[in-house]
Amino acid sequence: MKIAIITDIHHGPQSHTKEPGWDALQVMRDCIWHAGEQGADLLLDLGDRISDTTREADRQVAAEVAATFATFNGPRYHVLGNHDVANMSIADNEEILGHSMQSAVVDLGEARLILWQPGVKIEWPTGFPHAAANLDWLVETLNADTKPVIIATHVPLSGHLQTGNYYFERNPQFATYPDHVTVREAVEATGNAALWLSGHVHWNTVTNVRGLPHITVQSVSERFTTFPHGAAAFAMLEIADGSFSLEVHGRDPFAVSMPFRRSGERPWMPALAPFTAREVAAEREAERA
């Protein structure tokens, strides 16, 4: 199974975070060509297809992105990003892409892909809404069978540090959901998730949380890690023989390879109690002796 991945295209007007004369559509075309050459089984888009301005302008640039996606000769799947719904509705996105933007399950044979769509509309200055409003569906879907599952969301839920991130080091409330711990623990309790893929934070990361790898993929248009040029990033995920490998191409290369298996199949000891609590317990034990 080979999955081509692209995220945070941010097609739209020029800004200081984009290379002058930047053409995100050309990078999309490069990704689609590469996906075809590598025999990708599907194309996964992790959201933020546009840089929002007004509803009319957003619809226009979103239509240009959709037309480019349509050149991929195979199934493709999309999740919503916060810029995609800043001015447009979910229905607008569905109309333009010709795809449902509701949470869904894709059968990959030996595994499953869950496109989870919690709310991504940012409220200022607090950040994202709670994701747990959509958690019951996710847990029920994970528990439906015991195939290893890839979860795809725009916003990461690993809770990884944003130190060094141009956008989120000083704005961490906009990097994840306020209830990411609750969501993550509920997913971990199912034991069926094998990999969590996200975009949004505009850098490549891997965070292993109790046996579940969380990976974020670099943005197409970002340049804070590749200044002064855009990252031109896209990725290929390959799953074979009980492992996965993910390689990000472009100016910000990144690669990771790990076992691909349900997190419940990987023994993981629970976290140790705070050291101070252990010291108190040892003192009391000594007193009893």
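We use all heavy atoms of the structure for the numbers below, so side chains are in, but hydrogens, waters and symmetry mates are not.
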Next on the checklist: Within the 3.5 Å criterion, strictly below it, is a donor on Asp58 or Asn87 matched to an acceptor on the partner's side chain?
Outcome noted: yes
Item to check | Rounded distance (nearest 0.5 Å) linking atom CG of Asp84 with atom CG of Asp45 | outcome: 7.5 Å
Checklist entry - Any donor and acceptor pair, going by atom type alone, linking the side chain of Arg223 with main-chain N or O of His229 inside 3.5 Å? => result no
Checklist entry - Can you tell me if Gln162 uses its side chain to pair, donor with acceptor, with the backbone of Pro172 under 3.5 Å? => result no
Checklist entry - Looking at side-chain heavy atoms only, is the closest gap between Thr153 and Val79 below 4.5 Å? => result no
Checklist entry - Mind checking whether Ile150 and Ile239 have side chains closer than 4.5 Å, heavy atoms only? => result yes
Checklist entry - Is the backbone N or O of His200 less than 3.5 Å from a side-chain atom of Asp8, with the two atoms forming a donor-acceptor pair by type? => result yes
Checklist entry - For the atom pair CH2 (Trp22) and NE2 (His10), what is the distance rounded to the nearest 0.5 Å? => result 12.0 Å
Next on the checklist: To the nearest 0.5 Å, what is the distance between CD1 on Ile6 and OG on Ser219?
Outcome noted: 9.0 Å
Next on the checklist: Donor-acceptor check, side chain of Ser89 to backbone of Asp92, threshold 3.5 angstrom: yes or no?
Outcome noted: yes
Item to check | Worked check of ring pair (Phe, Tyr, Trp, His ring centres under 6.0 Å) between Phe224 and His202 | outcome: CA-CA 9 Å; Phe224 85 81; His202 290 209; 7.6 Å; no
Next on the checklist: Has Ser198 got a side-chain atom pairing as donor or acceptor with Thr216's backbone, closer than 3.5 angstrom?
Outcome noted: no
Checklist entry - Counting only N and O atoms by type, is there a donor-acceptor contact under 3.5 Å from the side chain of Thr176 to the main-chain atoms of Gln173? => result no
Next on the checklist: Would you call the rings of Trp116 and Trp196 parallel, tilted or perpendicular, taking 30° and 60° as the class edges?
Outcome noted: perpendicular
Item to check | Within the 6.0 Å centroid threshold, strictly below: His34 and His249 | outcome: yes
Checklist entry - With no hydrogens and no angle check, is any side-chain donor or acceptor of Lys2 less than 3.5 Å from a backbone partner on Ala35? => result no
Item to check | Side-chain donor/acceptor of Asn192 to backbone N/O of Asp145, under 3.5 Å | outcome: yes
Item to check | side-chain contact (heavy atoms from CB on, under 4.5 Å) between Arg49 and Asn93, worked out | outcome: CA-CA 10 Å; Arg49 290 168 285 278; Asn93 281 271; 3.5 Å; yes
Item to check | Rounded distance (nearest 0.5 Å) linking atom OG1 of Thr182 with atom CG of Leu157 | outcome: 10.5 Å
Checklist entry - Would a distance-only check, ignoring hydrogens and angles, find a side-chain to backbone donor-acceptor pair under 3.5 Å from Lys147 to Gly109? => result yes
Checklist entry - Just one of Thr54, Ile50, Asp52 clears the side chain to side chain contact (heavy atoms under 4.5 Å, CB included) bar with Met88, so which one? => result Ile50
Checklist entry - Do Arg184 side-chain atoms and Ser158 backbone N/O form a donor-acceptor pair below 3.5 Å? => result yes
Item to check | No-hydrogen, no-angle side-chain donor-acceptor test under 3.5 Å, Gln60 and Glu64 | outcome: yes
Checklist outcome for this item: Pro129 and Tyr177 have their tightest heavy-atom pair at O-CD2, 3.0 Å
